[in-house]
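Right, one structure below, let's go through it.
For reference, positions follow the sequence shown, starting with 1. Side chains are part of it too, since the values below use all heavy atoms of this structure and drop only hydrogens, waters and symmetry mates.
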Amino acid sequence: MTQQNAARNPGLYGGKSSRRITVRDIAAAKQRGEKWPMLTAYDAMTASVFDEAGIPVMLVGDSMGNTHLGYDSTVPVTLDEMTMLSAAVVRGTRRALIVGDLPFGSYQEGPAQALRSATRLLKEAGVGAVKLEGGERSADQIRLLVEAGIPVMAHVGLTPQSVLAFGGHPVQGRGEEAAQQLLRDAKAVQDAGAFAVVLELVTAELAAEVTRSLHIPTVGIGAGAECDAQVLVWTDMAGMTDWPGGRMPRFVKQYARLRESLGDAAKAFAEDVVSGTYPAPEHSFRS
């Protein structure tokens, strides 16, 4: 890319533009062959840190159910909860494209329900796009949202809202029939107008094939290195998650140990309070 083109088409990651990233920027990155990162965010403070770090896309995921709301799965998350936390993330950012998840039960009835739910996230939370799970089965919902002017990120492979039907978290796309179905799902959401598609827990070989076959970006999570983008739940990435049995998923890479650091800070504070060394004179006011 020439310097002139680079100035006209700045990279998604780390850019300093004064405007929000849009789905047109995402499409241009695919054409340039540029890879980009996406992280989840659930509050204004954390989102502001990621925005300052140059993360171009943030997902207010229904993973908030596990990470922030104390649920055992994403299924109990409500549209009210999603709207409140999405609005906080939007307020905490200036540049990133904010994508709000449509939680379980907010779009499964059909396109009309999906439109009502997505419209609420746009109007009340201010997100720039929404995400919903499902391939061929969700194509009608995606099509109506796109026709209404609402950008949609799709999600195929392992779809956490269907964890009860999956009976766990199995890797998707193994076997010829499963692989062909996932390819059909990916092409169905593209044809319906989705601007990107998340591939979750998909074999690396199949994810690479899907990425080559689509003109929209693929966002991998446990789907190998050939996807156009990669996403992680931020509490996993930063070492905040308390894994059941200490078993971290294979696809997660921890870039910090914030759970340990935060625990150490809390203990140090508590010990200072118990010993009477906090507050010290420099932390106190005098008349």
Side-chain angles (χ1 to χ4, degrees), residues 23 26-27 30 35 38 59 61-63 66 73-75 77 99 101-115 117-118 129-147 150-233 249-252:
V23 296
I26 302 300
K30 172 81 172 184
K35 291 181 178 290
M38 180 167 80
L59 170 66
D62 57 6
S63 48
N66 307 82
S73 73
T74 65
V75 173
V77 174
V99 183
D101 246 340
L102 290 181
F104 180 75
S106 69
Y107 62 93
Q108 281 84 356
E109 290 180 14
Q113 185 198 29
L115 181 58
S117 300
V130 300
K131 182 177 77 65
L132 56 79
E133 295 182 359
E136 290 180 324
R137 62 182 169 86
S138 296
D140 289 341
Q141 284 93 323
I142 294 171
R143 188 172 294 107
L144 180 60
L145 296 187
V146 173
E147 289 174 353
I150 300 174
V152 178
M153 177 180 285
H155 185 151
V156 301
L158 180 76
T159 48
Q161 292 174 10
S162 303
V163 65
L164 297 178
F166 279 122
H169 297 82
V171 175
Q172 303 295 296
R174 285 176 168 161
E176 181 64 22
E177 183 177 350
Q180 289 303 313
Q181 181 59 59
L182 195 140
L183 278 166
R184 288 194 297 269
D185 283 336
K187 290 180 178 178
V189 299
Q190 173 180 265
D191 293 345
F195 73 89
V197 56
V198 173
L199 305 179
E200 182 165 359
L201 279 188
V202 175
T203 63
E205 297 84 0
L206 180 57
E209 182 179 354
V210 171
T211 300
R212 289 191 299 268
S213 68
L214 299 183
H215 60 74
I216 62 173
T218 57
V219 183
I221 178 166
E226 298 303 314
C227 294
D228 298 296
Q230 298 290 334
V231 61
L232 282 176
V233 171
R250 179 174 179 173
F251 63 83
V252 172

If only atom types and distance count, is the side chain of [X] paired as donor or acceptor with the main-chain N or O of [Y] below 3.5 Å?
X	Y	answer
Glu136	Lys187	no
Lys35	Ala225	yes
Gln113	Tyr107	yes
Ser106	Pro103	yes

What distance do [X] atom [atom1] and [Y] atom [atom2] have between them, rounded to the nearest 0.5 Å?
X	Y	atom1	atom2	result
Ile26	Asp228	CD1	CG	10.5 Å
Arg137	Thr159	CZ	OG1	5.0 Å
His155	Leu59	NE2	CG	9.0 Å
Gln108	Leu132	CD	CG	8.5 Å
Arg143	Ser138	CZ	OG	11.5 Å
Asp62	Ser73	CG	OG	9.0 Å

Quick check: closest heavy atoms across [X] and [Y], and the distance to 0.1 Å?
X	Y	answer
Ile150	Ala118	CD1-CB, 3.9 Å
Phe195	Met153	CE2-N, 3.6 Å
Ala139	Ala192	O-CB, 3.5 Å
Arg174	Ala178	O-CB, 3.4 Å
Ala186	Val210	CB-CG1, 3.7 Å
Ala207	Cys227	CB-SG, 4.0 Å

query: What do you reckon, is CZ of Arg184 surrounded by more than 12 foreign heavy atoms closer than 6.0 Å?
result: yes
task: Apply side-chain contact (heavy atoms from CB on, under 4.5 Å) to Val197 and Ile216, showing your working.
output: CA-CA 7 Å; Val197 56; Ile216 62 173; 4.3 Å; yes
message: In the structure I gave you, are the side-chain heavy atoms of Ile142 and Val146 within less than 4.5 Å of one another anywhere?
response: yes
- request: Would you check, one step at a time, whether the test side-chain contact (heavy atoms from CB on, under 4.5 Å) holds for Leu199 with Ile221?
  value: CA-CA 6 Å; Leu199 305 179; Ile221 178 166; over 6 Å; no
message: Just by distance, no angles: are the side chains of Gln180 and Glu176 close enough, under 3.5 Å, to form a donor-acceptor pair?
response: yes
query: After noting the C-alpha distance and the side-chain angles of Val156 and Val198, does the key distance pass the side-chain contact (heavy atoms from CB on, under 4.5 Å) rule?
result: CA-CA 6 Å; Val156 301; Val198 173; over 6 Å; no
- request: Could you walk me through whether Leu206 and Leu183 pass side-chain contact (heavy atoms from CB on, under 4.5 Å), step by step?
  value: CA-CA 8 Å; Leu206 180 57; Leu183 278 166; 4.1 Å; yes
message: Show every side-chain hydrogen bond (donor to acceptor under 3.5 Å, both in side chains) that has at least one partner inside residues 204-216, sequence neighbours left out.
response: Thr211-Thr218
